[in-house]
Amino acid sequence: MYNPLSSVVRRAPVWCPPGTSLRAALAKMREVGIGSMIVADPQTREPLGIFTLHDLLDRVVLEQCDLEQPIERVMTSPVVTLEPQVSAYEAAVTMAHHGLRHVVIVERRRLAGVVSQKDLFNLQRLGATEIGSVIRAATDLESLKQAVRDIRELSRNMLESGIGAEPLTQLVSALNDHLTIRIIELVRARHTLPQGRLCWLALGSEGRYEQTISTDQDNAIIFDAPERAAAELRRTIVPFAREVNEALDACGFPLCRGGVMAGNPPWCLSREEWRQQCQRWIDAQSPEALLNAVIFFDFRPLWGETALAEELREWLVGTTTANPLFMFQMAQLALGVRSPLGILRTFVYDSKEFPHTIDLKAHGTRLLVDAARVYALANGVSHTNTVQRLRLVAEKIGLGASEVEAAVQAFNFLQLLRLRSQLDPDVKPGAENRVDPATLNYFDRRFLKESLRQAQTLRRRLELDYHTR
């Protein structure tokens with residue numbers, strides 16, 4: 001509500017000259033689907049008055065006026081106007097004070113737009129608190145689908161108002177957490193789950209509190225059971241988890257193509273089975289085992305008995321810290337990701353389908369995410385968020401305060417560019433995380449190069465620390 005009115009106006013104002021017949025004006029209002037018509041000077045575009053559906057009732061229908069008369073005879077004049085830089089909150093106060101349902105926006109006395117009570121109501125409805133309330137009160141999937149659309153609209157509004165990538169991705173992750181929990185609760189009511197402790201785990205970007213707008217789902221389940229009873233309990237839990245996965249897919253979180261989902265039996269394990277599985281990933285020297293470890297080791301508890309996840313995290317941190325060979329392999333995997341910045345600080349492109357573009361996820365943020373994960377696991381840091389990992393390991397690996405903040409700013413700027421791309425209505429399918437540097441302004445292009453250079457700096461530190469060159 002403290003955004004300027006210029007950010008609230010969604011389309012060009014519809015207006016007509018004062019001599020337009022009432023019939024023609026009403027036809028235009030019906031055609032466009034609006035509840036008001038601005039009457040403006042045809043030369044200067046200065047608003048002269050406004051005609052609303054309430055004017056239609058009071059001054060036309062009840063008075064049985066001729067529809068061929070000019071609209072200026074039945075319009076409300078003078079009209080209350082505000083400048084584009086006035087906040088939506090001030091507009092709401094003005095409308096309440098004058099008893100208005102519309103306020104006209106002018107710039108240098110020239111018509112610039114119209115804001116209605118409905119527009120301002122939608123702004124308030126799309127607040128994070130309101131969306132959270134809607135999610136908690138939802139009783140069906142359709143309500144949750146609308147909440148997902150609201151989250152996307154809120155993200156767009158906040159991005160346009162200048163919010164940083166770090167608080168925005170954390171907000172999106174938090175709202176998606178609420179959404180997932182509500183889906184779990186609704187699905188659980190239709191299933192008889194076994195007695196005992198059970199915990200739904202968020203993995204990947206959601207596990208790191210770094211979810212953006214375009215993302216699939218990665219999740220798992222950990223449950224408490226004697227080893228002999230684990231298989232039987234899993235057969236009861238998997239149908240429940242699979243229905244949750246399908247509901248998330250219906251809400252816009254696609255099923256993981258790699259099958260990393262709680263509804264897939266290999267990702268629904270007992271506490272002891274997860275320890276054994278993690279140990280196998282740590283002991284194995286295969287790329288597949290390392291990739292599975294990368295996905296799972298960013299887990300955090302989302303719903304259920306969180307103590308199960310905390311116990312597993314404590315065991316995992318102790319195990320990885322004491323296994324330098326595994327950390328060496330993780331470092332090698334992280335260093336296998338190629339930077340899109342060439343030797344002469346020119347951009348290196350990787351796609352024929354999307355020429356002259358950079359994948360900001362696969363070859364941008366991942367450079368920092370992977371390095372932060374290696375250092376966190378090697379130094380006993382249990383936090384999963386990339387920014388927090390970098391700040392918590394900085395002193396342990398000899399990273400100065402200015403260096404770590406440069407890496408953090410680099411990560412956040414790359415995330416910001418990803419969000420802009422994902423919220424662009426014209427982005428092509430498959431290019432949601434891509435950017436063409438040539439389309440950026442001078443400063444953003446410079447910041448992109450500097451962010452990738454900071455990622456390379458952290459990469460070189462990883463090379464030196466693990467002697468992988």
(Q) Which label fits F447 and F413: parallel for a plane angle under 30°, tilted from 30 to 60°, or perpendicular past 60°? (A)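 The rings of F447 and F413 stand perpendicular, inter-plane angle above 60°.
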
Q | Aromatic ring pairing Y349/H356, orientation class (parallel under 30°, perpendicular over 60°, tilted between) | A |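 Perpendicular: the ring planes of Y349 and H356 meet at over 60°.
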
Q.
Run the salt bridge (Lys or Arg N to Asp or Glu O under 4.0 Å) test against R242 and tell me which residues pass, sequence neighbours left out.
A.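 Not a single residue meets the salt bridge (Lys or Arg N to Asp or Glu O under 4.0 Å) criterion with R242.
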
Q: State which residues pass salt bridge (Lys or Arg N to Asp or Glu O under 4.0 Å) with E246; sequence neighbours excluded, sorted by chain then number.
A: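 Scan of E246 (salt bridge (Lys or Arg N to Asp or Glu O under 4.0 Å), adjacent residues dropped) gives none.
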
With no hydrogens and no angle check, just 3.5 Å: does a side-chain donor-acceptor pair link [X] and [Y]?
| X | Y | answer |
| --- | --- | --- |
| R453 | Q456 | no |
| D359 | S351 | no |
| D177 | T180 | no |
| R313 | T384 | no |
| E405 | Q409 | no |
| Q146 | R149 | yes |
| E210 | T386 | yes |

**Q.** Shortest non-hydrogen separation from E83 to I105 and the atoms involved
**A.**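 In terms of heavy atoms, the two residues are closest at C-CG2, 4.1 Å.
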
Q. If you look at every heavy atom in V114 and P13, which pair is closest and at what distance?
A.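 Distance-wise, the nearest heavy atoms are CG2-CB, 4.5 Å.
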
**Q.** R188/E185 salt bridge by N-O under 4.0 Å criterion
**A.**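 Result for this pair is no, no salt bridge flagged.
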
Q | Salt-bridge present (R234, E273; N to O < 4.0 Å) | A |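 A salt bridge links R234 with E273.
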
Q: Just grab all the salt bridge (charged side-chain N to carboxylate O under 4.0 Å, His left out) pairs involving residues 254-272, residues at least two apart or on different chains.
A: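 The answer is D224-R271, R271-E311.
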
Q.
Restricting to side chain to side chain donor-acceptor pair (under 3.5 Å), what partner residues turn up for D218, sequence neighbours left out?
A.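 If we apply the side chain to side chain donor-acceptor pair (under 3.5 Å) test to D218, skipping adjacent residues, there are no hits.
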
Q. Listed by chain and number, what are the side chain to side chain donor-acceptor pair (under 3.5 Å) partners of R275, not counting sequence neighbours?
A.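 For R275, no residue satisfies side chain to side chain donor-acceptor pair (under 3.5 Å) once neighbours in sequence are set aside.
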
Q | Qualifying ring-ring contact (aromatic ring centres under 6.0 Å, His included) pairs, either residue in residues 199-223, two or more places apart | A |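 Qualifying pairs, neighbours excluded: none.
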
Q) Of I38, D55, L48, I50, which meets side chain to side chain contact (heavy atoms under 4.5 Å, CB included) against M75? A)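 Filter result, single survivor: L48.
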
Q. Does A165 offer a backbone N or O that forms a donor-acceptor pair with the side chain of T169 under 3.5 Å?
A.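 Checked: pair present.
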
Q | Atom pair CD (E310) and CD (E305), whose distance is rounded to the nearest 0.5 Å | A |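 These two atoms lie 10.5 Å from each other.
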
